[in-house]
Amino acid sequence: GIVTAKLLAEKDNPKADIVWGLAATSLLFLAKEGYFQPYAPKGLEKLDKRYYDDKNNPPLWVGQRAWIASVCFNTLEAEKLKLPQPASWEDLTKPVYKGHVIMPNPNSSGTGFLDVSSWLQMFGEDEGWAFMDKLHGNIARYTHSGSKPCKMAAAGEIPIGVSFAFRGAKSKAAGAPLEIIVPEEGVGWDMEATAIVAGTANLEAAKTLVDWSVTKQANEMYNSGYAVVAMPGVAKPVEHFPENLVDKMIDNDFEFAANNRKAILEEWQKRYDSKSEPKS
């Protein structure tokens with residue numbers, strides 16, 4: 001979110017040659033502003049088609065790795081507080097969880113935005129905002145980092161953190177008393193992607209980086225921090241990564257997320273920003 005805001009502020013005089021590792025929903029939003037120029041990197045055909053812009057040829061953006069929403073649930077803290085283990089997003093709105101849930105602010109976290117966007121897609125606009133109104137009543141605060149809620153749950157600072165699955169799996173592997181919950185309604189996701197800024201004076205260098213970004217070597221490196229990568233057959237199993245998580249990934253409408261990003265974030269800010277933690 002912070003990088004996207006910076007790029008928008010520089011729209012009339014871009015400082016960057018290439019945007020690398022930004023959420024695809026942010027890239028689509030910027031693409032509509034004419035921010036990028038198309039490029040098909042060498043080896044593009046080796047990637048899963050879900051992970052690059054197949055609406056344009058050559059594509060405006062190319063994805064690298066995906067991160068997927070989940071709930072990190074600290075079983076020890078929950079036992080102390082006599083909290084039942086939730087099974088769904090709707091469960092998190094129950095009164096028993098009041099003050100025991102933390103999630104990211106979508107204005108500053110891509111993970112937070114994918115949560116909000118996915119709820120609006122899964123539940124519909126009216127029901128989605130109604131769900132978030134109820135959830136807000138149970139939120140202790142909103143963080144400015146997508147991984148922080150799970151880190152806090154792992155450390156016992158909060159029993160429930162809405163975060164992403166890879167972070168939870170890593171914390172559990174390190175010994176944290178966590179359950180990584182996949183809500184039964186489905187989970188949102190997004191991917192980190194790259195795009196070349198239109199008009200860059202360093203076009204050949206930018207193309208070289210994009211070419212490298214889709215190689216097997218690069219995908220193997222992404223796998224050290226993400227369980228799902230763009231090149232099929234590369235990702236190794238991640239200990240404690242929920243087996244059914246990929247099956248629960250929603251049919252994400254990136255166009256919806258990009259087209260409505262500004263309005264969604266403004267509405268979210270108006271309704272819920274009072275519980276956001278201070279920015280450092």
Which residue pairs pass the side-chain hydrogen bond (donor to acceptor under 3.5 Å, both in side chains) test when at least one of the two sits in residues 216-234, sequence neighbours left out?
E192-Y226, W212-Q217

Can you check whether [X] reaches [Y] side chain to side chain, under 4.5 Å on heavy atoms?
X    : Y    : result
F113 : S108 : no
V19  : T194 : no
V187 : S70  : no

Check: [X] side chain, [Y] main-chain N or O, donor-acceptor pair, under 3.5 Å:
X    : Y    : answer
K32  : A258 : no
T208 : E204 : yes
Q37  : L60  : no

Looking at R271 and E267, is any side-chain nitrogen of the basic one under 4.0 Å from a carboxylate oxygen of the acidic one?
yes

Who passes side-chain contact (heavy atoms from CB on, under 4.5 Å) against [X], sequence neighbours left out?
X    : answer
V238 : F166, A169, A227, F241
K55  : D53, E255
S109 : P104, T111

Taking salt bridge (Lys or Arg N to Asp or Glu O under 4.0 Å) as the test, write out the residues that go with [X], two or more places apart.
X    : value
K98  : none
D48  : R50
D17  : none
R141 : E277

Kindly state each residue pair satisfying disulfide (SG to SG under 2.5 Å) with at least one member in residues 18-85, sequence neighbours excluded.
C72-C150

Residues that W89 engages under ring pair (Phe, Tyr, Trp, His ring centres under 6.0 Å), provided they are two or more places apart:
W119

Residue pair P106 / V116: nearest heavy atoms and the distance that separates them
CG-CG2, 3.9 Å

Shortest non-hydrogen contact from A206 to I18?
O-CD1, 3.7 Å

Give a yes-or-no answer on whether the side chains of D273 and S276 include a donor-acceptor pair shorter than 3.5 Å.
yes

In Å, rounded to the nearest 0.5 Å, how long is the span from NZ of K207 to OG1 of T200?
11.0 Å

Contact list for residues 249-280, test ring-ring contact (aromatic ring centres under 6.0 Å, His included), sequence neighbours left out
H136-Y272, Y142-W268, W189-F254, W268-Y272

With sequence neighbours excluded, give me every ring-ring contact (aromatic ring centres under 6.0 Å, His included) pair touching residues 9-65.
none

Matching residue for D190 among T25, I68, L22 - test: side-chain contact (heavy atoms from CB on, under 4.5 Å):
T25

